[in-house]
Trainee: 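Got a structure for you, written out below as structure tokens; questions coming shortly.
Throughout, protein chains are lettered first and strands after them, A, B, ... in sequence-line order, and every chain is numbered starting at 1. Not measured: the values here are computed from a predicted model.
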Amino acid sequence: MLEKGRISVAQFTILIFLVTTGDSILVLPSSVAGEAKNDAWLSGIFALGIGLLLVLLFYQVSKLFPDLTFVEYSDRIFGSFLGKVLAGFFLLYPFLSVALLLRELGDFLTTQILPHTPIEAITILFMVFVIYGTRLGLETWVRAGQVFLPFFLLLVVLFFAFLAPQFHLDNIKPILGEGVKPMLRGSLTFIAFPFMETLIVLIMIFPYVKIKKQIELRNAMLIAQTAGGTLLILMMLTALLVFGGELVAHQQYPSYSLAKKINIGKFLERIEAIIAILWLITIFIKATFYFYSSTLGLAQLLRLQDYRPLTFPLGIIAIVLSIEVSPSITYYNEVISKYWPLFDFTMSLIFIPLILVFGLFYLKNN
Amino acid sequence: MWKVIGLLLVSAAIVQFEYSHLKKIRNRMDRWSFAVLLGVGLMLSIMKMYDVPLFNPLQAIEFIYKPIYENVFNRVL
Amino acid sequence: MKRAKRRKNLKEHGSKPVQQNHSTLHIHPTLENNINEIKQSIGNSMDIIVREFLIQEKLNGAIIYTKGLTDLQMVQELLESLMLQINGDKWIQYEDIKKSILTVSQIEEHKEMGQLLTGLLSGDSILFLEGYETALLINTRQWKGRDVSEPITQPVVRGPQEAFTETLITNTALIRRKIRDENLWIENRQIGTRTKTDVAIAYINGVADDAIVEEVRSRLDKIKIDGILEGGYIEEYIQDSTYSPFPTVYNTERPDTVAANLLEGRIAIIVDGTPFVLIVPALFVQFFQASEDYYLRSDFGVIRILRLFTFFISLLAPSLYIAITTFHQEMLQTSLLISLAAQLEGIPFPAFVEASLMALTFEILREAGIRMPKVIGSAISIVGAIVLGEAAYTAGLVSPAMVIVVSITAIASFVTPAFTMSISIRILRFVLMIFAATFGLYGILIALFGLTLHLCSLRSFGVPYLSPIGPFNMNDQKDVLFRFPWPAMHNRPSFLQQQDQQRQSTERKEPKR
């Protein structure tokens, strides 16, 4: 057994909540509003519904082998060769996501907060701590997420409270003025980024949750996704109410600009650090989650006795990859907002059902 | 040049750090995968430092999904 | 040739037993032999007194004791009862001496020299009798110790004003006076091959978790050292992780704190020779709780939020100053920014150097204040006020804002009730300053992530260090950031996994034996 730690259902819920909001809290509003404009928040509600339906699908997958991760059971259901290939292919997903998250972090910090610091320095520092968290084990870094949560929630409440005076209801009218299509187009990223990206990698974590009944997993996922989705919808709505759809669409980081607008009684201003901290907390947990899953998965795939020695080499590769993935910011943004969501869809709507079908078939025959 | 030397020093430190741990593990696969991955990582970073063009995985994604996005997604919605 | 000779010499010397092992040596029937044996073992030390006498004019006997550790009055009485009161015609048996003649409360019979020697050097008197292979160890211990006085390191306004002393037995008595439960068990053992320091483990049987008690025992038994002079020695042997700035063993000199912790299911380790008692498992939040929190009205317990706040101030204030002045000036209000810029105008150093200089100066002053003879104490405060204040600013070395930041940091660091925790904050403060100087707020935040991860990975005797925050437990929140009124605290903190969870019930749950 490579991972001896176990997490509680509550910790599992918090983990999903943080990963769902992770990263999306900053970058999602822009890409959704790019398609749906004023109705972006409706896209969110639609996406949340789809996300909850997806939970039911993933719950079925979690029931296949309650004590094994996907990489561990993949060669049982697919056969030893195809199983290994598919497991390896699957592991590319969280690993590539780590590189993308690193890139996003570097881009945000170098453009908004630390303009004179080289992007490599920022990503390497981040990666070192992600590696540290990964090496300490699942139990520890999930517990860290649990410790962050109160601070996270406090900052979220402050954020919304400070912005409330600047809401303009006119900004979201007319509702569905251009029909349903833009709204549906906008929900492409809204379904993919927060909901799918979280759920897909969860198949590496399911067996490590302490549960009495399998149904607890489903409930935890439903609660966490609803909470995370609601927070993102509120964030979307706030951005729209303050800026209006057009303006949100044209900004790279709308939530950050929102925080810049906070001005309470002329003394509480320029506190955009709030949103940066919020985002950094979530992206840290999300990156650790992905990196941990891919490292653990690779170790399980190669049947190693410990996953820790892999952390540094994989960390180096992730950093190189994070520099390589984005030759220019426009190219990167286009791929991420248009094609990457489709990759998410492929993973969760083709790959996962494939696992489910083969898994059920295997269980029936054995 | 200095970057490469720095990188090699860092990897020497990593090897030193992991060595005592890996020594305890009897499995040879552990050592090999560590060595190979570290080698790959080093090679990639050195290539990156000398601006050798590497393969960008996002291009693969773009290659596969661009047609789908334009022909399916844009048509349907 | 020469070398070979030397090696030979060394070998001879090495093979000769420098010190005989007395622990298994048995007592000889002849008195003479025994006395010589003891004198020889202790190297004829001047404080060992041998008094030979004759019982009933026939039986030779000897009392041996250590001067200074023994109650001379008691020895006098012993001799009186042995020499004067036994004068009948009836031949006295060894058993009679033990049973009806010696009027001392605590007597042990021993056959081995080792135990006798340890007893002798702890203040007991040895009684040898001619012709017997056993000796009596008579408790005559008494030595000059400090009286119970007020706690110096953990003072309170309301609450008991007594502190532990250097004497183990006084300390256990102080705890017993608070908890009169027969389930308060105190185990004794001696650690240190040379000092043979008495170390006692105290816990309430049936409340403390048996597994943790067993763990404490086994960790104490693993200690191999020649001497234990303070609880700190033991702390470093039994703590879970050596390489951490955070303490995972709590120490206190307050008997009421120990009693409260025992009642919660923790285990106290009392070391002879120091007024500081160790308590395990120790958790992060515990270091921010003062015993007074429990004596004052419960609404005052909110003060803990202030303590946590000051914890962050003393940890972060200098690094935030560095980060904001070097990287994020835009975050300041315009008017504040202008005044700050004017202050920083003439300062020759970057913020990091400025902050480190001031923080270092403060650390020096603080260290000097502790080490210095008390008589010249006022000198340091005058010099300190000049260095850290007006003069430094007038000389153009630091900005007034920096002086304020360092001062508030210093004061905030004194708010933490536990001294050991404030040491770790001092170390981490400098680490955070480096992160702030290189990466600004991002660096601080990342360092805090690392710190949180580290805290989450720590355990104290198996209990996660951050409980009940992570892993979170709703019921235990009653005694973390604020304290609920006593009638509302029904249960003991659950993370300690006691057998008896209920604090408030009319009956005690009887433990398994």
Trainee: Hey, could you give me the CG/CE distance between A:Leu302 and B:Met29, rounded to the nearest 0.5 Å?
Mentor: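 Between atom CG of A:Leu302 and atom CE of B:Met29 there are 4.5 Å.
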
Trainee: Does any part of the side chain of A:Ile316, heavy atoms only, come nearer than 4.5 Å to the side chain of B:Val10, both counted from C-beta?
Mentor: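 No - every pair of side-chain heavy atoms lies 4.5 Å or more apart.
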
Trainee: Less than 4.5 Å to any heavy atom of chain B: does that hold for the side chain of A:Leu96, its backbone, both, or neither?
Mentor: side chain

Trainee: With chain B, which of A:Leu342, A:Ile317, A:Ile319 has the greatest number of heavy-atom pairs at distances under 4.5 Å?
Mentor: A:Leu342

Trainee: First locate atom CD1 of B:Ile61, then atom CG of A:Leu100, and finally report the distance between them rounded to the nearest 0.5 Å.
Mentor: 8.0 Å

Trainee: Is any side-chain heavy atom of B:Pro57 less than 4.5 Å from a side-chain heavy atom of A:Leu321?
Mentor: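 Yes, their side chains come closer than 4.5 Å.
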
Trainee: What part of A:Glu120 is in contact with chain B, defined as an atom under 4.5 angstrom from a non-hydrogen atom: side chain, backbone, both or neither?
Mentor: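 Neither the backbone nor the side chain of A:Glu120 comes within 4.5 Å of chain B.
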
Trainee: Could you tell me the separation between the CH2 atom of A:Trp340 and the CG atom of B:Leu58, rounded to the nearest 0.5 Å?
Mentor: 7.0 Å

Trainee: Side chains of residues 42-55 of chain B: which donor-acceptor partners sit under 3.5 Å, not counting sequence neighbours?
Mentor:
from: B:Ser45; atom 1: OG; to: B:Gly41; atom 2: O; distance (Å): 2.5
from: B:Ser45; atom 1: OG; to: B:Leu42; atom 2: O; distance (Å): 3.3
from: B:Lys48; atom 1: NZ; to: A:Glu324; atom 2: OE1; distance (Å): 2.8

Trainee: What parts of residues 14-24 of chain B touch chain A if we use heavy atoms and a cut-off under 4.5 Å?
Mentor: B:Ile14, B:Phe17, B:Glu18, B:His21, B:Leu22

Trainee: Using a 4.5 angstrom heavy-atom cutoff, name the option from A:Lys338, A:Arg303, A:Lys181 with the most pairs to chain B.
Mentor: A:Lys338

Trainee: One pair to check against side-chain contact (heavy atoms from CB on, under 4.5 Å): B:Leu38 and A:Phe312. What are the steps and the verdict?
Mentor: CA-CA 8 Å; B:Leu38 190 65; A:Phe312 279 109; 5.5 Å; no

Trainee: With only heavy atoms counted, which part of A:Leu184 is less than 4.5 Å from chain B, the side chain, the backbone, both or neither?
Mentor: both

Trainee: Would you give me the side-chain donor-acceptor pairs under 3.5 Å for residues 62-72 of chain B, sequence neighbours excluded?
Mentor:
from: B:Glu62; atom 1: OE1; to: A:Tyr331; atom 2: OH; distance (Å): 3.0
from: B:Tyr65; atom 1: OH; to: A:Thr346; atom 2: OG1; distance (Å): 2.6
from: B:Asn71; atom 1: ND2; to: B:Pro67; atom 2: O; distance (Å): 3.2

Trainee: Non-hydrogen contacts under 4.5 angstrom with chain A: give the residues of residues 30-37 of chain B involved, or none if there are none.
Mentor: B:Asp30, B:Ser33, B:Phe34, B:Leu37

Trainee: Please classify the contact between A:Val335 and chain B as side chain, backbone, both or neither, with a heavy-atom cut-off of under 4.5 Å.
Mentor: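 For A:Val335, the side chain is the part near chain B, not the backbone.
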
